[in-house]
Amino acid sequence: MHLPENLREQFKKPLGTLIQDTDPEKDKIIKKIYSESNVITVGDRTTETLLDLGLIPQIQVVDGLEKRNPHEIPVIDTLNTELTCENPSAEITDESISTIKKAFSSEPPVRIIVNGEEDLLVLPICIHAPDNSIIMYGQPNEGLVIIQITPDIRAKIQKLLDLM
């Protein structure tokens with residue numbers, strides 16, 4: 001699937017609740033959500049934010065880039081599974097979808113290293129994540145988006161995928 005130019009603006013809107021980077025309660029909110037849910041992170045900075053708080057996401061999706069600039073992938077010793085996939089910019093490949101499905105059936109914590117770009121992988125992750133999971137991803141220059149997986153969210157995400 002490829003993201004057409006005419007949909008790019010629509011895909012820049014947060015898919016869930018946005019916690020501003022400037023929110024003084026941001027770390028407390030993240031810790032509370034983490035203590036109550038299975039958390040999946042998409043993005044190097046988002047994953048690093050949780051790791052810096054001592055929190056290890058069940059699944060973490062990283063590509064070694066932050067705002068399209070090289071970013072060192074955080075090293076952690078507690079990974080049980082590491083998967084890789086190819087996913088070019090502005091696309092969602094069948095390979096990445098298969099890798100995401102495999103991640104959900106693997107022993108956590110799981111890290112998916114994407115060769116290419118992981119941004120749009122939030123969409124298939126929302127489709128395949130168990131109910132009540134929390135997906136966190138970064139909204140560039142704004143903050144952290146938090147999505148709780150429900151049937152309504154899945155339907156909304158499926159509509160977006162159908163446009164691609």
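Along the sequence shown, residues carry numbers from 1.
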(request) Report yes or no: does Ser96 contribute a side-chain atom to a donor-acceptor pair with the main-chain N or O of Ile92 at less than 3.5 Å? (result) no
(request) Work out which heavy atom in Ile135 is nearest to a heavy atom in Cys126; give both atom names and the distance. (result) CD1-SG, 4.4 Å
(message) Would you say Ile125 ends up clustered with Leu18 if hydrophobic residues are merged whenever their side chains have heavy atoms under 4.5 Å apart, either directly or through other cluster members?
(response) yes
(request) Return the minimal non-hydrogen interatomic distance between Gly64 and Asp44, and the atom names on each side. (result) N-OD2, 2.9 Å
(message) How close do Pro130 and Ser133 get, counting heavy atoms only, and between which atoms?
(response) O-OG, 2.8 Å
(request) Determine which pairs satisfy side chain to side chain donor-acceptor pair (under 3.5 Å) with at least one residue from residues 144-164, sequence neighbours left out, and list them in order. (result) Asp131-Arg154, Asn132-Gln148, Gln158-Asp162
(message) Using modelled atom types and a 3.5 Å cut-off, is there a donor and acceptor pairing between side-chain atoms of Thr47 and backbone atoms of Gly43?
(response) yes
(message) Would a single hydrophobic cluster contain both Ile30 and Val62, if residues Ile, Leu, Val, Met, Phe, Trp and Tyr are joined by side-chain heavy-atom contacts under 4.5 Å?
(response) no
(message) Has Tyr137 got a side-chain atom pairing as donor or acceptor with Leu121's backbone, closer than 3.5 angstrom?
(response) no
(message) Using a 6.0 Å cut-off, check whether atom CD of Glu36 has over 12 heavy atoms from anything other than its own residue.
(response) yes
(message) To the closest 0.5 Å, what do you measure between CG (Leu120) and CG (Leu161)?
(response) 9.0 Å
(message) Please say yes or no: joined through hydrophobic side-chain contacts below 4.5 Å, possibly via intermediate residues, are Met164 and Val42 part of one cluster?
(response) yes
(request) Spell out, yes or no, whether Ile153 and Leu160 are grouped together once hydrophobic residues are joined by side-chain heavy atoms under 4.5 Å, including indirect joins. (result) yes
(message) I'd like to check Val61 versus Val114 (side-chain heavy atoms, cut-off strictly below 4.5 Å). Are they in contact?
(response) yes
(message) Show me the pairs that pass salt bridge (charged side-chain N to carboxylate O under 4.0 Å, His left out) and involve residues 110-124, at least two apart or across chains.
(response) Arg68-Glu117
(request) Identify the heavy atoms of Asn80 and Glu107 that sit nearest to each other, and give their distance. (result) CB-O, 3.3 Å
(message) Donor-acceptor pair, distance only, cut-off 3.5 Å: does the side chain of Asn87 make one with the backbone of Gly116?
(response) no
(message) Are Val145 and Val122 linked, directly or through intermediate hydrophobic residues, by side-chain heavy-atom contacts shorter than 4.5 Å (ILVMFWY only)?
(response) yes
(request) For Gln20 and Lys26, work out which heavy atoms get closest and say how close. (result) O-CD, 4.0 Å
(request) For the residue pair Thr81 and Ser106, confirm or rule out a side-chain donor-acceptor distance under 3.5 Å. (result) no
(request) Enter the distance from Leu144:CG to Ile19:CD1 here, rounded to the nearest 0.5 Å. (result) 5.5 Å
(message) Applying side-chain hydrogen bond (donor to acceptor under 3.5 Å, both in side chains), can you list everything that pairs with Lys31, at least two apart in sequence or on another chain?
(response) none
(message) Would you compute the distance between atom CD1 of Ile56 and atom OG1 of Thr41 and round it to the nearest 0.5 angstrom?
(response) 11.0 Å
(request) Could you tell me which residues satisfy side-chain hydrogen bond (donor to acceptor under 3.5 Å, both in side chains) with Glu86, sequence neighbours excluded, listed by chain and number? (result) Asn115
(request) Report yes or no: does Asp27 contribute a side-chain atom to a donor-acceptor pair with the main-chain N or O of Leu53 at less than 3.5 Å? (result) no
(request) Quick one: list whatever passes side-chain hydrogen bond (donor to acceptor under 3.5 Å, both in side chains) with Thr99, sequence neighbours left out. (result) none
(message) Please check this pair: side chain of Ser37 against backbone of Tyr34, looking for a donor-acceptor N/O pair closer than 3.5 Å.
(response) no
(request) Looking only at non-hydrogen atoms, find the nearest pair between Pro57 and Leu51 and report the distance. (result) CD-CD2, 4.1 Å
(message) Test of understanding: with side-chain hydrogen bond (donor to acceptor under 3.5 Å, both in side chains), list the residues that count as partners of Thr46, not counting sequence neighbours.
(response) none
(message) Using 0.5 Å steps for rounding, measure from the CD1 atom of Ile147 to the CE atom of Met136.
(response) 10.5 Å
(request) Check Leu79, Ile40, Leu50 against Gln60 for a side-chain contact (heavy atoms from CB on, under 4.5 Å) and give me the one that passes. (result) Leu79
(message) I'd like to check Cys85 versus Ile112 (side-chain heavy atoms, cut-off strictly below 4.5 Å). Are they in contact?
(response) yes
